[in-house]
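Below: one structure, written as structure tokens.
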Amino acid sequence: MGSTGELARFIRHEKRAVFDEWSIAVRMIPQARTLSGPALRDHVPDLLDRVSDLVERGDEQAHDDLEADADQHAFQRLEAGFDLRQVVTEYAYLRECILRRLDQLELGTTLVQLRVLNRCIDTAIAASVDNFVESRNRTLRTMDQIATAALESSSLNQFLERLLQVFKNTTPAVDEATILLRQDDCLWVRAAVGFGRSGLEPPM
């Protein structure tokens, strides 16, 4: 196997075998044991396609699409309760599965091919690390803002309004939010951000 194009064709042709072997290995991670098939698969097949494209071009530079896939994968894993070490382990398994499959088929690889392949995997790992670090920092900032809101609020209503403002400011996908509290058989609006207050407030 003398060119990066041949390695790229190998990755495309053996993608299913690599993925199946990778799936078995990843199931050893405790958080992965209960994931459904689609949840386990996530962005990994797409990432393999990106890797084969980059290998074919001999491109050792970070690729936006590759980073985007890795970033989304890290986000999904974070939601599933994975820690950073476990996500990095997933990529280590992926690298091992590709290299093992190459060895099983007795297909040699050049230094250039291995360098591009390793750079792709390392780029995915770096994107995952960045995602986890940003998520952790965002969580710490949010907790600090919530603590500040609690200390600076003179009433429950003021605290709830500040709590919603923190939530809105730290969650880009949220444009508006409201808190309703139950009293007897009714729900009453106690705080809202991002829009005019609506509903009725319970008598104080």
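Source: prediction; values computed, not measured. Note that the numbering runs from 1 along the sequence shown for the chain.
- Here the closest heavy-atom approach between residue A124 and residue L47 is recorded as CB-CD1, 4.0 Å.
- In this structure, K15 and L48 approach most closely via the heavy-atom pair CG-CD1, 3.5 Å.
- The backbone N or O of L114 lies less than 3.5 Å from a partner atom in the side chain of N118, making a donor-acceptor pair.
- One finds the CG atom of N131 at 10.0 Å from the CD atom of Q76 (value rounded to the nearest 0.5 Å).
- Interatomic distance, C120 SG to I11 CD1, rounded to the nearest 0.5 Å: 7.5 Å.
- Within the 4.5 Å cutoff, side-chain heavy atoms of L94 are placed close to those of I121.
- Checking side-chain atoms of R95 against main-chain N and O of C97 turns up no donor-acceptor pair under 3.5 Å.
- Counting all heavy atoms, side chain and backbone alike, D71 lies closest to A127 at OD1-O, 3.9 Å.
- Between the side chains of D42 and H73, a donor-acceptor pair is found at a separation under 3.5 Å.
- At least one side-chain heavy atom of R27 sits under 4.5 Å from a side-chain heavy atom of L40.
- When side chains are defined from C-beta on, P38 counts as touching R41, because their heavy atoms get closer than 4.5 Å.
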What do the steps show when you test E14 against L102 for side-chain contact (heavy atoms from CB on, under 4.5 Å), and what is the final call?
CA-CA 9 Å; E14 297 295 324; L102 280 168; over 6 Å; no

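- Of the possible donor and acceptor atoms, one in the side chain of W22 sits under 3.5 Å from a partner among the backbone N and O of E90.
- Residues Q86 and P30 come closest through the heavy atom pair NE2-CD, 4.3 Å.
- Ion pair D46/R50 not flagged as a salt bridge, since none of the NZ, NE, NH1 or NH2 atoms sits closer than 4.0 Å to an Asp/Glu carboxylate oxygen.
- If you chain together hydrophobic residues whose side chains sit under 4.5 Å apart, L35 and F75 never meet in one group.
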Stepwise side-chain contact (heavy atoms from CB on, under 4.5 Å) test for V87 and V129:
CA-CA 9 Å; V87 174; V129 171; over 6 Å; no

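- A salt bridge between R115 and D122 is absent, with no side-chain N of the basic residue lying under 4.0 Å from a carboxylate O of the acidic one.
- Side chain of D83 to backbone of R85: a donor-acceptor contact under 3.5 angstrom is found.
- Hydrophobic cluster membership differs between Y93 and I24, with clusters built from Ile, Leu, Val, Met, Phe, Trp and Tyr side chains linked at under 4.5 angstrom.
- Residue S128 comes nearest to Y91 through the heavy atom pair OG-CE1, 3.3 Å, listed as atom of the first residue, atom of the second, then distance.
- Looking at R12 and D53, their side chains come closer than 4.5 Å, going by heavy atoms from C-beta outward.
- Salt bridge annotation for R101-E21: absent, with no cationic side-chain nitrogen under 4.0 angstrom from a carboxylate oxygen.
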